[in-house]
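The next block holds one structure in the form of structure tokens; read it before the comments.
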Amino acid sequence: MEFRARFAPSPTGQVHIGNIRTAIFNWLATRHNKGTFLLRIEDTDLERSTQDAIDKLLDCMKWLGLDYDEEIMYQTRQSDLHKQAAKKLVEQGSAYPLNPAEEHSPILFRLPYECDGMKFVRQVGRVRLELAPGSAVQLNQAGVVYQTVSPKGKTVENAATLAGFKDLEILGADGSVLFRLDETTRGQLPSNPQEKMTVENAAALSFVRREVFYHDLVKGDLAKPLDSMKDFIIVRSDGSPVFHLANVYDDMQQRVTHIVRGDDHVENTYRHLFLFEALGFTPPQYAHLPMIVNKAGKPYSKRDGDAFVGDFREKGFLPQALFNYLSLLGWSPGDGREKMSKEELVEAFTIERALRSPAQFDMAKLTNMNALYIAELPEEEFRRAIGPYLEKFCLEAVGSPLLDQVAALMHSRTKTFADVAHWNYFFRSAEKLEYDAKALKKFLSDDMIRRSVSEFAEILETLPERCSAAEIESKIRAVEEKYGIPQGKLNQPLRIAVTGSTIGAGIYETIELIGSAESALRIRKALERKAE
RNA sequence: GCCCCUAUCGUCUAGAGGCCUAGGACACCAGGUUUUCAUCCUGGCGACACGGGUUCGAAUCCCGUUGGGGGUGCCA
């Protein structure tokens with residue numbers, strides 16, 4: 001069977017990891033099934049949709065390798081077709097204006113009373129609903145409004161579509177039938193939504209409950225009582241079609257067979273099923289993905305500035321790492337594999353294995369995975385990849401003859417490319433070097449250490465500019481021996497003096513790269529600084 | 001309020017009635033390798049939300065409670 005899925009974002013800002021995760025799952029499911037992956041830009045919210053957002057979206061998709069197969073569909077360009085569809089729905093009685101008297105009225109979709117034949121509707125049985133004593137029930141062809149008493153004793157108003165109340169009987173306190181809904185009386189109900197027929201002194205509602213049901217590929221069997229639903233707006237008062245109509249129409253036109261989208265659309269599905277039916281189409285298969293939540297366990301909001309795909313790129317994450325990580329949020333291959341190539345993911349991915357509950361985004365795990373991907377980068381590629389980050393975070397390194405060697409030395413220590421910000425001590429002159437004051441105090445206070453470090457600096461000055469790490473080590477050992485300092489004790493003080501920091505690559509290699517004279521200079525500076 | 005969904009270590013997850021004394025990964029802690037850091041290796045800490053059922057047997061099935069999320073007439 002043909003498999004056609006789509007990613008249908010609305011371009012109203014930055015691309016969010018939740019959105020892109022939906023795109024990834026769609027893409028994986030499609031590629032796994034050798035289907036067609038479509039991209040549709042749902043830009044019908046004219047107020048908030050921008051070209052800039054569209055550009056960013058396309059950029060993110062390209063970065064992550066989410067390629068699509070057919071022309072991009074822009075929903076605004078479908079507008080006329082949507083309006084025609086709305087007109088057709090009104091003509092066939094599937095939709096009606098909220099205010100027939102007004103020229104500009106929203107159009108509502110009518111949940112059909114005659115729906116027992118539909119594949120996604122089933123009867124649950126006759127139910128009885130107690131009303132607030134002596135309350136009135138209002139009804140028309142759009143729906144029923146009635147009062148019930150909440151557990152706390154408050155009277156609350158309920159409204160639902162007429163279709164929710166098959167064979168409705170409004171009962172009085174004595175059990176008498178005040179009103180019975182049948183073919184004849186249904187025709188007599190006001191067709192104008194603004195007009196209502198009122199039944200006074202009602203005590204209970206009795207009706208055959210029906211529910212809408214469907215099988216969700218990830219959430220399983222889902223159902224919702226029809227009497228908890230209302231007719232819904234499909235055309236705004238300004239004549240523009242809303243999401244429900246546009247979305248369903250376009251899915252229909254693009255012959256989408258599988259809709260993979262966020263959890264927040266589950267409730268829409270019950271309505272869309274009827275829309276497909278009214279438009280004469282078989283509904284597609286649905287799969288609703290749980291949301292991704294932030295560190296606080298809450299859904300990401302626009303305020304969570306660190307959840308945009310573009311930010312991950314800027315922070316130095318590899319697209320394949322982000323892709324891999326995101327694919328594991330709410331899905332797993334089931335065999336314990338985590339680090340997987342795109343090909344392996346495509347091979348293993350089935351939407352049915354997606355989880356039903358929300359997943360929390362974990363920066364630490366992403367970072368770990370990114371480090372794994374960086375580590376396996378060939379040296380040459382690593383050098384190429386850090387380029388843009390050097391320009392941003394470590395300008396001194398750009399063009400330096402030392403760069404390649406520094407990169408090789410620091411490769412295994414790089415978790416995100418933004419880490420190159422810590423490389424500047426290799427390239428910065430002694431004057432500009434920044435020192436970790438605490439470490440300086442800790443490792444360069446002892447007199448014996450200071451004298452020996454100073455002596456090592458003197459030795460360095462006599463050495464050739466590029467001296468091997470092994471040679472440097474032997475010189476350090478010699479100084480340690482002379483002063484009776486335990487082997488290796490000088491490493492850390494020297495590291496502070498030369499790099500300003502307690503962490504970094506091997507100090508011998510570091511001195512080798514920085515050069516004898518420059519290293520000696522730095523040691524002297526550090527000693528001066530401490531002396532101040 | 002009403003409707004829908006959901007609940008395994010701090011986090012991501014394995015688990016589809018006996019293979020579970022609940023497995024893996026990240027994080028964390030301890031030890032080892034290493035001149036520090038990172039890598040790598042070993043070990044440790046650590047969970048089936050709660051209460052009822054069903055069953056010879058439940059993390060797995062059912063009901064309830066609680067927590068979380070979503071929806072609830074002109075956002076998508």
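Basis for what follows: all heavy atoms, side chains included, without hydrogens, waters or symmetry-related copies.
Side-chain atoms of A/Asn268 come within donor-acceptor range of the base of B/rA76, with a qualifying N/O pair under 3.5 Å. No N or O donor and acceptor, one from the side chain of A/Arg356 and one from the base of B/rU6, sit under 3.5 Å apart. Taking only distance into account, the side chain of A/Lys365 never meets the base of B/rA27 through a donor-acceptor pair shorter than 3.5 Å. With hydrogens and angles left out, the side chain of A/Ser228 and the base of B/rC2 share no donor-acceptor pair within 3.5 Å.
Closest to the side chain of A/Ser332, out of B/rA76, B/rG71, B/rU13, is B/rU13. Checked against B/rC26, B/rG70, B/rC74, the side chain of A/Asp362 finds its nearest nucleotide in B/rC26. Taking only side-chain atoms of A/Ser412, from C-beta outward, the nucleotide of B/rC12, B/rA38, B/rG70 with the closest atom is B/rA38. In this structure, of B/rC12, B/rC74, B/rA7, it is B/rC12 that holds the atom nearest to the side chain of A/Gln360. Closest to the A/Leu355 side chain, of the nucleotides B/rU35, B/rC2, B/rU13, is B/rU13. Distance from the side chain of A/Glu509 is smallest for B/rU35 among the nucleotides B/rG69, B/rU35, B/rA76. Nearest nucleotide to the A/Val266 side chain, out of B/rU36, B/rG10, B/rC4: B/rC4. Distance from the side chain of A/Ile507 is smallest to B/rU35 among B/rU35, B/rC37, B/rG15. The listed nucleotides are B/rC12, B/rU35, B/rU11; the one nearest the side chain of A/Arg495 is B/rU35. Of the candidate nucleotides B/rC12, B/rU36, B/rG73, B/rC12 has the atom lying nearest to any side-chain atom of A/Glu338.
Aromatic pair A/Phe276/A/Tyr214: centroids not less than 6.0 angstrom apart. Aromatic rings from A/Phe120 and A/Tyr270 are positioned such that their centres are separated by 6.0 Å or more. For an aromatic pair to be called close, the ring centres must be under 6.0 Å apart, and A/His244 with A/Phe274 fails this.
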(message) Would A/Leu57 and A/Ile41 count as a side-chain contact (heavy atoms from CB on, under 4.5 Å) here? Give the steps.
(response) CA-CA 10 Å; A/Leu57 171 79; A/Ile41 310 282; 3.5 Å; yes
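The partner of B/rG1 is B/rU72, by the rule that a Watson-Crick or G-U pair needs both atom distances under 3.5 Å.
Taking the ring axis of A/Tyr373 as reference, the NZ or CZ atom of A/Lys339 stays within 45° of it and closer than 6.0 Å to the ring centre. The cationic atom of A/Arg122 (NZ for Lys, CZ for Arg) lies less than 6.0 Å from the six-membered ring centre of A/Phe213 and within 45° of the ring axis.
In this structure, A/Gln492 places its CD atom 12 Å from P of B/rA38, rounding to the nearest Å. Here B/rG69 presents its C1' atom at 9 Å from NZ of A/Lys219, a figure rounded to the nearest Å. What separates OH of A/Tyr373 from P of B/rA38 is a distance of 23 Å, to the nearest Å.
Put simply, A/Arg236 has a side-chain N or O that comes within less than 4.0 Å of OP1 or OP2 on B/rA76. The side chain of A/Lys230 places no N or O atom within less than 4.0 Å of a non-bridging phosphate oxygen (OP1 or OP2) of B/rU72.
Looking at heavy-atom distances under 4.0 Å, A/Gly297 makes no contact with the nucleic acid at all. Among the protein residues, A/Thr44 comes within range of the sugar-phosphate backbone only, with heavy atoms under 4.0 Å from sugar or phosphate atoms but none that close to a base. The residue A/Leu490 sits apart from the nucleic acid: no heavy atom pair falls under 4.0 Å.
Here A/Tyr508 lies parallel enough and close enough to stack on the base of B/rU35, with planes under 30° and ring centres under 5.5 Å apart.
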